[in-house]
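Structure, as structure tokens:
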Amino acid sequence: MKLKTKLTLGVGLLFLLIVLLSVIGSVYINKLKSDTEKILTANYNSLEFSKNMLLALDNISTDSTVAIADFRKNNKLQEKNLTEFGEKEATQNLNLHFNSYLKAPDINKEKLIREDLSKIMSLNMKGIERKSDIAIITAENATFWIVSLGTVCFLIAFILLFNLPQTIAEPINQLTFSIKQIADKNYSERVHFKGSEEFNSLADSFNTMAEKLQEYESSTLSKQLMDKKRIETLVNNMHDAVIGLDENHFIYMINDEALKITNLHKEDIIGKTAHEVAINNDLMRELLKNIDHPVKDPIKIVRDNKENYFEQDIIPINIVKTGEKEKKNIGKVILLRNITPFKELDFAKTNFIATISHELKTPISAIKMGVQLLGNQKFGELNAQQQELLKSINEDGQRLLDITGELLNLSQVESGNIRLTVEKCSPKEIVQTAVKNVEKLAEQKNISISTEYLLEDNDAVTADFDKTVWVMNNFLTNAVKHSFQDENIKIVVEKLNAFIQFSIIDTGSGIDEKYHRQIFDRYFQVPGEHQNGTGLGLAISKNFIEKQHGEIGVKSSLNNGSTFYFRLPVS
């Protein structure tokens with residue numbers, strides 16, 4: 001039987017007996033009260049009335065008028081209080097004898113009146129005795145039932161008092177002892193309770209737990225947990241900030257470096273969602289903003305009055321559960337790599353390049369001017385070999401001047417010091433200016449450049465004219481370099497929703513699709529081609545266009561030519 005059932009039965013029975021005891025006590029008390037009231041109302045009053053009539057009868061001879069009135073008054077009250085058997089007849093005889101006495105007073109008639117009163121009093125005295133006996137019996141019954149029920153209640157309470165604490169305390173003491181044994185890694189400890197089903201179930205659960213702990217201790221799970229602790233220690237000692245999120249963006253892991261960067265406390269964020277933490281943390285808000293589409297630009301964080309740069313990387317965590325084939329996403333890891341030392345080196349490199357390029361540009365320009373002066377016939381005639389040498393020097397000087405120009409542009413891009421003059425520009429003017437700049441280069445390979453405008457005459461773009469022409473020049477120059485003799489380069493300008501797109505289409509050897517993502521990276525050049533550039537032009541072009549809120553891209557495949565395009569917002 002369950003302990004709960006035992007308690008319910010014991011306490012419930014005790015409660016019922018107490019209620020029954022209260023009910024019986026109330027019933028018998030009310031009955032005794034009723035019997036007492038009957039004696040007072042029915043018999044005691046009749047004795048009082050008879051007593052008053054006897055006194056009145058004694059006073060008739062001295063004060064007949066008052067005595068007769070008093071007699072009649074008590075006689076009428078007696079007539080209304082007839083409760084005993086024979087009392088009515090005795091009262092009627094009393095009236096007859098009293099009336100006869102009043103008509104002709106006589107000692108015999110007075111005697112009859114006294115006999116009638118004596119009979120009434122006798123009947124009521126016997127009634128009092130009988131009702132007293134009934135009240136005594138009622139009291140005895142009440143005492144019996146109250147004592148009996150009280151004894152039963154006492155016995156039940158006594159049994160509960162001595163058995164219940166022991167019944168509960170003994171299993172708890174035994175269980176406490178067993179828990180201490182388990183805490184001391186004595187996993188062979190078992191408990192066995194006798195009695196209630198609850199404690200039997202508790203014993204079964206405890207024994208199952210002990211078996212599982214014993215199994216765990218002898219299995220590899222302990223080793224796995226130790227390995228997990230090693231990994232956590234390793235993550236905590238990493239120089240990169242690591243934040244682990246589950247599939248619902250709850251933070252389940254954060255290392256010490258991430259805590260330093262975010263100025264958070266581990267106990268305040270573990271178990272909370274990243275969005276809850278982001279409410280009061282700017283860095284976490286920035287990380288969440290880029291969680292689905294990580295940005296390539298470094299995140300700048302000021303720490304210890306110093307600018308620190310971090311590269312954000314989002315690593316999705318996918319697993320294949322046992323028995324399943326498809327991968328399931330179980331969260332993400334946000335990794336912040338500290339690239340501050342590299343950024344400082346990059347700044348130093350950029351400053352060095354800017355300085356060197358600026359310093360080289362002046363002497364190179366002077367060299368070119370000197371070469372042009374030497375080629376002038378005013379300073380004397382040059383033979384063919386000398387003219388060829390001057391031409392070679394002039395070309396190399398121009399190439400050096402182009403390289404220094406690109407390096408200066410690159411230094412502006414990297415330092416963020418690009419000065420844009422954004423205004424309303426005509427797409428046709430941009431194209432015409434760029435085409436004019438590369439006409440001589442195209443003529444050398446007999447390449448024609450055609451243009452097609454798929455927009456209204458009054459359509460314009462919001463752009464920096466010079467920077468956009470520079471990009472067009474770069475695209476056209478590359479198209480000329482990679483096109484064959486006697487080919488055609490086509491320029492298409494068209495309106496696409498809120499943008500105007502400039503496309504430069506050539507029929508050259510094309511670019512393999514696997515290089516499309518790298519083509520706009522700094523210093524990248526497609527492998528296998530004859531390289532005579534720096535690999536900076538497309539990277540600078542991309543930055544110029546994106547700084548003007550535009551887009552840039554390429555469509556190409558091997559042996560099918562290339563289409564380089566950029567889009568700028570419609571003015």
Side-chain angles (χ1 to χ4, degrees), residues 368 372 387-388 390-403 405-406 409 425-455 461 463 465-494 500-513 515-516 519-520 524-542 544-545 552-568:
K368 276 185 61 79
Q372 289 175 358
Q387 287 180 355
E388 187 66 28
L390 281 177
K391 182 181 177 183
S392 177
I393 295 172
N394 187 52
E395 288 176 352
D396 289 341
Q398 183 60 46
R399 189 163 69 252
L400 283 172
L401 197 60
D402 292 340
I403 290 173
E406 286 185 346
N409 284 329
C425 302
S426 169
K428 290 184 179 181
E429 289 183 13
I430 293 172
V431 173
Q432 290 168 359
T433 304
V435 170
K436 189 175 181 180
N437 291 338
V438 297
E439 276 180 348
K440 290 184 179 180
L441 182 64
E443 286 173 0
Q444 293 175 5
K445 297 178 72 174
N446 197 27
I447 293 174
S448 62
I449 301 174
S450 60
T451 57
E452 182 179 358
Y453 299 100
L454 303 177
L455 69 169
V461 293
F465 186 85
D466 293 334
K467 295 291 190 295
T468 307
V469 169
W470 192 95
V471 175
M472 283 289 294
N473 282 345
N474 186 265
F475 280 9
L476 287 170
T477 302
N478 288 340
V480 170
K481 286 180 182 178
H482 295 91
S483 294
F484 303 108
Q485 289 284 133
D486 305 320
E487 293 289 338
N488 177 63
I489 295 173
K490 187 177 182 180
I491 301 173
V492 178
V493 184
E494 57 187 326
I500 289 179
Q501 178 171 295
F502 299 77
S503 302
I504 291 83
I505 306 166
D506 65 58
T507 55
S509 58
I511 304 169
D512 197 325
E513 290 185 8
Y515 300 122
H516 287 188
I519 199 72
F520 293 100
F524 178 80
Q525 293 176 318
V526 178
E529 294 187 356
H530 177 66
Q531 309 295 342
N532 57 0
T534 60
L536 295 174
L538 291 178
I540 295 170
S541 298
K542 181 176 186 290
F544 280 172
I545 295 301
I552 195 168
V554 61
K555 297 176 184 176
S556 181
S557 59
L558 280 176
N559 303 318
N560 288 316
S562 303
T563 299
F564 281 85
Y565 65 88
F566 62 88
R567 299 167 186 156
L568 291 172

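Here the structure is a predicted model, which means the values were calculated and not measured.
- Judged by distance alone, the side chains of Q501 and S503 do bring a donor and an acceptor atom under 3.5 Å apart.
- From E494, atom CD reaches atom CZ of F502 across 11.0 Å, with rounding to the nearest 0.5 Å.
- In this structure, the separation between OG1 on T507 and NZ on K490 is 12.0 Å, given to the nearest 0.5 Å.
- Atom OG1 in T468 sits 11.0 Å away from atom CG in N473 (nearest 0.5 Å).
- Between I552 and S541, the closest side-chain pair of non-hydrogen atoms falls below 4.5 Å.
- Rounded to the nearest 0.5 angstrom, I545 CD1 and K467 NZ are separated by 11.5 Å.
- When the options I500, V471, V469, V435 are evaluated for a side-chain contact (heavy atoms from CB on, under 4.5 Å) with I430, the one that passes is V469.
- A donor-acceptor pair under 3.5 Å links the side-chain atoms of S556 to the main chain of G561, judged by distance alone.
- Using a 4.5 Å heavy-atom threshold, the side chains of I491 and L476 count as touching.
- Within the 4.5 Å cutoff, the side chain of L538 has heavy atoms near those of the N478 side chain.
- Nearest approach of S483 to A479, heavy atoms of both residues: OG-O, 2.5 Å.
- The cationic atom of K542 (NZ for Lys, CZ for Arg) does not lie both less than 6.0 Å from the six-membered ring centre of F520 and within 45° of the ring axis.
- In this structure, OG on S450 lies 9.0 Å from CD1 on I489, to the nearest 0.5 angstrom.
- Closest of all the heavy-atom pairs between I511 and H516 is O-NE2, 3.4 Å.
- From F475, atom CZ reaches atom OG of S562 across 11.0 Å, with rounding to the nearest 0.5 Å.
- Summarising the local packing, NZ of K428 is surrounded by more than 12 heavy atoms from other residues, nucleotides or ligands at distances under 6.0 Å.
- Counting heavy atoms from C-beta outward, V438 and I449 have side chains that approach closer than 4.5 Å.
- D506 places none of its side-chain heavy atoms less than 4.5 Å from the side chain of E487.
- Nearest heavy atom pair, residue K445 against residue V480, reads NZ-O, 2.9 Å.
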